[in-house]
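This one's a predicted model, so the numbers in the text were calculated from it and none came from an experiment. Here is the naming used below: chain letters follow the sequence lines, and residue numbers restart at 1 for every chain. No hydrogens, no waters, no symmetry mates; every other heavy atom, side chains included, goes into these values.
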Number of protein chains: 2
Amino acid sequence: MKLSKKSDYALRAMVYLTANYQKGAVQIKEISAKEKIPQKFLENILLTLRKVGILNSKMGLRGGYELARSPDLITLGQVIRALDGAIAPVDCVSQMSYKPCSEEVTCVIRSVMMDVRNAITDVLDKMTFAEMCNRAADSLEKREALTYTI
Amino acid sequence: MKLSKKSDYALRAMVYLTANYQKGAVQIKEISAKEKIPQKFLENILLTLRKVGILNSKMGLRGGYELARSPDLITLGQVIRALDGAIAPVDCVSQMSYKPCSEEVTCVIRSVMMDVRNAITDVLDKMTFAEMCNRAADSLEKREALTYTI
DNA sequence: ACAAATTCTACCATATTGATAGACTATTAT
DNA sequence: ATAATAGTCTATCAATATGGTAGAATTTGT
């Protein structure tokens, strides 16, 4: 049930781009350096995200990447699906790459796997990058406030 | 986030053994045939499940495998962890193979991944084979009742 | 024209996955 | 006793996925 390095890097890059939303295009080199992601690998990842319409790019001098829409309209689920494909643990409960199992009607396991898929997508398809970054900022503030109080 | 074939086969074999609980040892060959799992592959899987104490085995003539304890004391999570290892999407939120990420305190992604892990384990660590098989039997009954009524 | 940036195509090493082979050991019916 | 049965162990293997690299081509601002 592991997130691939690709998706992990993608999420980090997206967080970086969320933090820099509306500051214009950000270059791969910068993201790669700040988030410590191998640059050439990151290239592939950002390219993929552009192709599915999550990022916009600008070539040439002063080019770079930026979010294609507001970070409260981009969910973690969208990004993970773009890189890793289906989120569902088995294909017979997948939205993205559904394939019926041989004995779907009587399959004992299927309904539990459906529960698992729903549990995962309930988190990943609802959480936006805007919310995630706010949440983190909040808890950081609280921590700092606490430290100060102590 | 995909379940491996190994875990998938393991779950099916466990369902079969649950259905045959208290009927004595069941042979690999039988499970393999009924559940259409490559026999040699299934051997490895059952061996693993025995080594972690989920199954008991008996060698020799009339030997075979059986559940080591009542199916309401065995969860899907236990079986999947035995075969695939940690369930958590990233190590920094894993019970089984926890490794801190470099920037755990400020990591934006971690808390969401924690939510995902909890969502998954909430299903898999609570669902027992007894319950799963009952659930399936129930819904099968309902379906049959419905068919009859119509 | 030139430099800076993305894009595209291809490649590669390693690990994991799914599966198989065969020798070995333990049990038991006869 | 012994043959047949059934799990155990070690090793191997092909295919695929993963993580990463290389370099040429293309686009764009100055």
Exercise. Partners of B/Y16 by ring pair (Phe, Tyr, Trp, His ring centres under 6.0 Å), sequence neighbours excluded?
Worked result: none
Exercise. Could you state the CG-P distance from A/L42 to D/dT21, rounded to the nearest angstrom?
Worked result: 12 Å
Exercise. So does A/K2 pair up with B/D84, basic N to acidic O under 4.0 Å?
Worked result: no
Exercise. Would you say A/R62 has more than 12 foreign heavy atoms packed within less than 6.0 Å of its CZ?
Worked result: no
Problem set entry | Reading 5' to 3' through nucleotides 4-18 of chain D, protein heavy-atom contacts under 4.0 Å coded B for base, S for sugar-phosphate only, - for none | -BBBBB---------
Exercise. Is it true that B/D125 and B/R81 make a salt bridge, defined as a side-chain N closer than 4.0 Å to a carboxylate O?
Worked result: yes
Problem set entry | Residue-phosphate contact under 4.0 Å: B/Y9 side-chain N/O, C/dA19 OP1/OP2 | yes
For this session: Identify, with sequence neighbours excluded, every residue that meets ring pair (Phe, Tyr, Trp, His ring centres under 6.0 Å) alongside A/Y98.
Result: none
